[in-house]
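Here the structure is laid out as structure tokens; the discussion comes afterwards.
Along the sequence shown, residues are numbered consecutively beginning with 1.
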Amino acid sequence: MIWLKEVIVDIAVTVFILAAVLLGLEWMQYVLIGYTVFMLLAKVMVYFTDGLSQLLKKKPQAPPAAVIYQLYGINIAILILFSWWLTAGLWALVGLVSYLTDKKLYGDIGSLK
């Protein structure tokens, strides 16, 4: 459970997504789309930049990959449930690129902690 501090931001983002869809505030939607685009660009850069990918190899205290993918799935499910299609699609792309990056770095995803 030492990895829990590593997922605090991911959990906070999930809470923010839930608040954004429930409150329906326009500024929250813009912040969420901006953050999601930033995440997608960062993930794509890591995937295509081998040197950067090697720097980001999982540390011993890194969370299990399943936890991160579950949070992505929760985010996507919430966004689809509230018909935020564009943002849900962007989060699906974030999850896909993250998966492909993990597969590229570690081979078999099932072996990730």
Side-chain angles (χ1 to χ4, degrees):
M1 292 297 271
I2 195 168
W3 52 262
L4 190 57
K5 67 180 180 176
E6 299 288 327
V7 296
I8 294 296
V9 171
D10 297 303
I11 293 169
V13 168
T14 300
V15 170
F16 185 86
I17 288 172
L18 188 59
V21 298
L22 290 175
L23 298 174
L25 299 175
E26 189 174 351
W27 70 268
M28 291 181 94
Q29 185 174 5
Y30 291 130
V31 168
L32 182 57
I33 289 172
Y35 177 78
T36 305
V37 168
F38 172 76
M39 282 289 295
L40 181 58
L41 291 174
K43 298 282 184 179
V44 167
M45 282 179 37
V46 168
Y47 181 77
F48 286 110
T49 309
D50 288 332
L52 188 57
S53 298
Q54 296 305 318
L55 287 175
L56 296 177
K57 277 215 171 196
K58 297 243 189 270
K59 300 174 272 186
Q61 70 270 21
V67 172
I68 300 300
Y69 295 130
Q70 286 173 350
L71 285 171
Y72 289 161
I74 291 168
N75 294 345
I76 294 165
I78 292 169
L79 292 164
I80 287 173
L81 183 65
F82 286 88
S83 301
W84 286 34
W85 308 114
L86 172 65
T87 314
L90 291 173
W91 272 100
L93 287 174
V94 167
L96 176 64
V97 174
S98 182
Y99 171 81
L100 293 173
T101 301
D102 283 347
K103 191 160 178 69
K104 178 180 175 182
L105 289 175
Y106 307 107
D108 180 22
I109 298 298
S111 66
L112 288 177
K113 292 183 177 181

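- Taking CZ of Phe48 as the start and NZ of Lys104 as the end, the distance is 7.5 Å to the nearest 0.5 Å.
- Atoms CD1 and OG1, on Ile74 and Thr14 in that order, are 6.5 Å from each other to the nearest 0.5 Å.
- Under a hydrophobic clustering in which Ile, Leu, Val, Met, Phe, Trp and Tyr are joined whenever their side-chain heavy atoms come within less than 4.5 Å, directly or via other members, Leu100 and Leu41 fall into the same cluster.
- When hydrophobic clusters are built by joining Ile, Leu, Val, Met, Phe, Trp and Tyr residues whose side-chain heavy atoms come closer than 4.5 Å, directly or via intermediates, Tyr35 is grouped together with Ile11.
- Atom CG in Leu25 sits 12.5 Å away from atom CG in Leu32 (nearest 0.5 Å).
- A distance of 12.0 Å separates CD of Gln70 from CG of Asn75, quoted to the nearest 0.5 Å.
- Side-chain contact, Asp102 with Tyr69: a donor N or O sits under 3.5 Å from an acceptor N or O.
- Cluster annotation: Leu23 is not connected to Tyr30 through the hydrophobic network of ILVMFWY side chains, with a link wherever side-chain heavy atoms come within less than 4.5 Å.
- Residues Lys43 and Ser98 approach most closely at NZ-OG, 3.6 Å, considering heavy atoms.
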Distance-only check: which donor-acceptor pairs under 3.5 Å involve side-chain atoms of residues 84-95, not counting sequence neighbours?
unit_1: Trp91; atom_1: NE1; unit_2: Thr36; atom_2: OG1; d: 2.9

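- Side-chain atoms of Val7 and Asp10, non-hydrogen and from C-beta on, do get closer than 4.5 Å to each other.
- Hydrophobic clustering (ILVMFWY, side-chain heavy atoms < 4.5 Å, transitive): Phe38 and Val31 are in distinct clusters.
- The structure places CD1 of Ile17 at 6.5 Å from CD1 of Ile78, a figure rounded to the nearest 0.5 Å.
- A continuous path of hydrophobic side-chain contacts links Leu71 to Leu22 [ILVMFWY only; heavy atoms under 4.5 Å].
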